[in-house]
J.: 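One structure coming up, written as structure tokens, with questions to follow.
When reading the values below, keep in mind they use all heavy atoms of this one structure, side chains included, and skip hydrogens, waters and symmetry mates. What you are looking at is a predicted structure, and each value in this text was computed from that prediction instead of being measured.
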Amino acid sequence: MLKRFKLEDEPLAFVWLMRTFGITQGEAQRIIDRGRLLCNGQPLPDKSARISGEVEVVIFEPESRGNAPIFTTPDFYLFDKPSGVLVHPKKMTTPYSMLDEVRHWGGQFANAAHRIDKETSGLLLASRHKAAERFLKGAFERKAIRKSYRAWVTGRIDKAFSVDAPILLNQDYDMIKHKVFIDPKGKRAYTSFFPLRYDEHLDATLLECIPHTGRTHQIRIHLFHVKHPILGDPIYGTDYRTAEAYLEDRLSPEERRIHTGASRLLLHAYSVRFNYGADYYLISRNDFSMVSKEIEEVDRRNFGSYSGWREKKRNDD
């Protein structure tokens with residue numbers, strides 16, 4: 001948000017920012033360093049400079065949309081993130097993200113402790129103060145926080161299985177729009193899957209997914225690898241043109257349902273388990289089994305037949 005002021009006196013820039021917005025000296029200095037404080041139309045070059053006249057500040061001010069935390073302690077919040085909402089704003093013009101809720105409920109020092117893809121719904125942990133932020137982010141890095149997901153996938157799955165297949169980041173998007181590949185040169189990635197329910201009418205299975213490692217798009221690429229892509233996935237399971245249209249925001253809602261099998265990515269962060277002075281096992285309040293209504297009819301969808309020949313060709317090369 002851009003805020004404008006008219007100053008008659010000449011306060012120190014960082015002191016004025018601290019007093020005006022109730023922030024720390026470090027936060028005030030970061031605003032100046034990032035060119036978000038303008039004096040008479042020009043970014044301020046010196047953190048210790050005095051300011052006067054027309055002053056503009058680009059600053060984040062949270063605006064809640066009523067997505068309250070579902071669990072609260074003095075140290076952290078737990079939110080149920082909707083699909084289609086970013087965790088952090090990509091730019092100052094992002095209209096809404098979960099950071100709006102985190103800061104609205106927790107104040108300026110609250111922060112999301114991890115990331116979830118925009119289209120993935122489900123549990124988001126947020127710290128309420130800096131010490132909690134350090135603890136939770138460190139716990140994620142140490143794999144001390146265990147997470148499970150739910151996903152609706154194509155086809156029938158009757159037995160539990162695991163995928164132990166290394167993942168490599170894509171460096172060339174000319175051939176394929178996947179962000180990652182299964183590749184022997186990649187980092188180890190291991191996921192366990194457990195079938196929960198099969199819908200014969202939709203030819204879709206609801207799975208519990210437990211990632212034992214934390215690679216980018218791990219669940220999505222592992223399910224694509226075993227030919228049971230997640231319904232609604234616009235990248236893994238579709239052809240190049242569909243993925244490109246999605247990334248360029250040219251895919252209509254109707255095309256999305258037909259070419260990806262659902263109106264959104266049907267992946268949900270379902271539970272978290274960790275210790276923070278006590279043992280916590282927290283689950284989502286959303287009944288993800290009911291999201292099957294978002295799935296397109298079998299005879300109308302064109303999804304999951306993409307065999308992955310581009311992935312194989314790249315690996316063979």
J.: Give me the one residue out of Phe76, Phe140, Tyr281 that meets ring pair (Phe, Tyr, Trp, His ring centres under 6.0 Å) with Phe274.
T.: Phe76
J.: Could you give me the CA-CA distance, side-chain angles and deciding distance for Phe193 and Ile157, then say whether side-chain contact (heavy atoms from CB on, under 4.5 Å) is met?
T.: CA-CA 10 Å; Phe193 299 97; Ile157 300 174; over 6 Å; no
J.: Measure the CD1-CG distance between Ile258 and Leu251 for me, rounded to the nearest 0.5 Å.
T.: 10.0 Å
J.: With the threshold set at 4.0 Å, does a side-chain nitrogen-carboxylate oxygen contact exist between Lys185 and Asp183?
T.: yes
J.: Please answer whether the main-chain N or O of Ala113 pairs with a side-chain N or O of Ser127 as donor and acceptor at a distance below 3.5 Å.
T.: no
J.: Do Leu207 and Leu223 pass the side-chain contact (heavy atoms from CB on, under 4.5 Å) test, and can you show the C-alpha distance, the side-chain angles, and the key distance before you say yes or no?
T.: CA-CA 10 Å; Leu207 291 178; Leu223 286 167; 3.7 Å; yes
J.: Identify the heavy atoms of Ile235 and Lys177 that sit nearest to each other, and give their distance.
T.: CG2-O, 3.5 Å
J.: Answer yes if Ile219 and Tyr190 sit in the same cluster of Ile, Leu, Val, Met, Phe, Trp and Tyr residues linked by side chain heavy atoms under 4.5 Å apart, and no otherwise.
T.: no
J.: Going by the rule salt bridge (charged side-chain N to carboxylate O under 4.0 Å, His left out), which residues pair with Lys179 if we only count those two or more places apart in sequence or in a different chain?
T.: none
J.: Could you report the tightest heavy-atom contact between Tyr198 and Ala204, atom names first, then the distance?
T.: CD1-O, 3.3 Å
J.: With distance as the sole test, does Ser64 use its side chain to make a donor-acceptor pair with the main-chain N or O of Gly66 at under 3.5 Å?
T.: yes
J.: Work out which heavy atom in Thr238 is nearest to a heavy atom in Thr260; give both atom names and the distance.
T.: CG2-CG2, 3.9 Å
J.: Answer yes or no: is there a donor N or O on one side and an acceptor on the other, between the side chain of Glu255 and the main chain of Ser252, under 3.5 Å?
T.: yes
J.: Any link between Tyr270 and Tyr77 through a network of hydrophobic side chains (Ile, Leu, Val, Met, Phe, Trp, Tyr) touching at under 4.5 Å?
T.: no
J.: In sequence, state the C-alpha distance, the side-chain angles, and the governing distance for Arg301 and Thr154, and then conclude on side chain to side chain donor-acceptor pair (under 3.5 Å).
T.: CA-CA 11 Å; Arg301 69 183 189 237; Thr154 59; over 6 Å; no
J.: Taking the side chain as everything from C-beta on, heavy atoms only, tell me whether Thr216 gets closer than 4.5 Å to Lys187.
T.: no
J.: Tell me whether Arg128 contacts the main-chain N or O of Thr73 through its side chain, where contact means a donor paired with an acceptor under 3.5 Å.
T.: yes
J.: Distance from Trp16 atom CH2 to Phe5 atom CZ, nearest 0.5 Å?
T.: 4.5 Å
J.: What's the shortest heavy-atom distance between Phe135 and Asn275, and which atoms?
T.: CZ-O, 3.4 Å
J.: Looking only at atom types and distance, does a side-chain atom of His88 sit under 3.5 Å from a main-chain N or O of Ser97, one as donor and one as acceptor?
T.: no
J.: Are His212 and Arg146 packed together at the side-chain level, in the sense that at least one heavy-atom pair is separated by less than 4.5 angstrom?
T.: no
J.: Could you measure the distance from the CG atom of Leu125 to the CG atom of Asn111? Nearest 0.5 Å is fine.
T.: 12.0 Å
J.: Verify the neighbour count for atom CZ of Arg250: are there more than 12 heavy atoms of other residues, nucleotides or ligands below 6.0 Å?
T.: yes
J.: Taking the six-membered ring for Trp, are Phe224 and His178 ring centroids under 6.0 Å apart?
T.: yes
J.: Tell me if the CD atom of Glu200 is crowded by more than 12 foreign heavy atoms within 6.0 Å.
T.: no
J.: Hey, is the main chain of Ile210 close enough, under 3.5 Å, to the side chain of Ser192 for a donor-acceptor pair?
T.: no
J.: Salt bridge or not for Lys130 and Glu133, using N-O below 4.0 Å?
T.: yes
J.: Would you say Lys81's side chain and Thr120's backbone share a donor-acceptor pair under 3.5 angstrom?
T.: yes
J.: State whether the number of non-hydrogen atoms from other residues, nucleotides or ligands found under 6.0 Å of Asp299 atom CG is greater than 12.
T.: yes
J.: Do Phe181 and Ile176 touch side chain to side chain, with heavy atoms closer than 4.5 Å?
T.: yes
J.: Going hydrophobic residue to hydrophobic residue with side-chain gaps under 4.5 angstrom, can you get from Leu123 over to Leu267?
T.: no
J.: Hey, what do you get for CD (Gln108) to CZ (Arg103), rounding to the nearest 0.5 Å?
T.: 8.0 Å
J.: Does any non-hydrogen side-chain atom of Ile182 lie less than 4.5 Å from one of Ile167?
T.: yes
J.: Using side-chain contact (heavy atoms from CB on, under 4.5 Å), reason through Asp199 and Ile295 one step at a time and then give a plain yes or no.
T.: CA-CA 11 Å; Asp199 189 312; Ile295 300 174; over 6 Å; no
J.: Backbone N or O of Glu54 within a donor-acceptor pair of the Asn40 side chain at under 3.5 Å?
T.: yes
J.: Do side-chain atoms of Asp9 reach the backbone of Pro11 as a donor and acceptor pair under 3.5 angstrom?
T.: no
J.: Once rounded to the nearest 0.5 Å, what's the spacing between atom CG of Leu206 and atom OG of Ser292?
T.: 8.5 Å
J.: Would you kindly say whether Thr205 and His228 are connected by a side-chain donor-acceptor distance under 3.5 Å?
T.: no
J.: I'd like to know if Lys3 and Glu56 make a salt bridge, using a cut-off of under 4.0 Å between side-chain N and carboxylate O.
T.: no
J.: What residue among His217, Arg220, His225, His222 forms side-chain hydrogen bond (donor to acceptor under 3.5 Å, both in side chains) with Tyr236?
T.: His217
J.: For Gly214 and Lys143, work out which heavy atoms get closest and say how close.
T.: N-CE, 3.9 Å
J.: Name all pairs fulfilling the salt bridge (Lys or Arg N to Asp or Glu O under 4.0 Å) condition that reach into residues 271-291, sequence neighbours left out, sorted by first residue then second.
T.: none
J.: Same cluster for Ile51 and Leu12 if Ile/Leu/Val/Met/Phe/Trp/Tyr side chains link at under 4.5 Å?
T.: yes
J.: What are the two closest non-hydrogen atoms of Leu17 and Leu37, and how far apart are they?
T.: CD1-CD2, 4.0 Å
J.: Would you say Leu44 ends up clustered with Leu38 if hydrophobic residues are merged whenever their side chains have heavy atoms under 4.5 Å apart, either directly or through other cluster members?
T.: no
J.: Hey, is Arg257 close enough to Glu296 for a salt bridge, meaning N to O under 4.0 Å?
T.: yes
J.: If only side-chain N and O atoms count, and only distance matters, is there a donor-acceptor pair under 3.5 Å linking Ser284 with Arg150?
T.: no
J.: With rounding to the nearest 0.5 angstrom, report the OG to CD distance, Ser271 to Glu208.
T.: 6.5 Å
J.: Under 3.5 Å, is there a donor on one side chain and an acceptor on the other for Glu101 and Asn67?
T.: no
J.: Quick one: salt bridge (Lys or Arg N to Asp or Glu O under 4.0 Å) pairs with a partner in residues 155-166, sequence neighbours left out?
T.: Arg156-Asp158, Asp164-Arg188
J.: What do the steps show when you test Asp100 against Arg65 for side-chain contact (heavy atoms from CB on, under 4.5 Å), and what is the final call?
T.: CA-CA 8 Å; Asp100 282 280; Arg65 294 188 180 178; over 6 Å; no
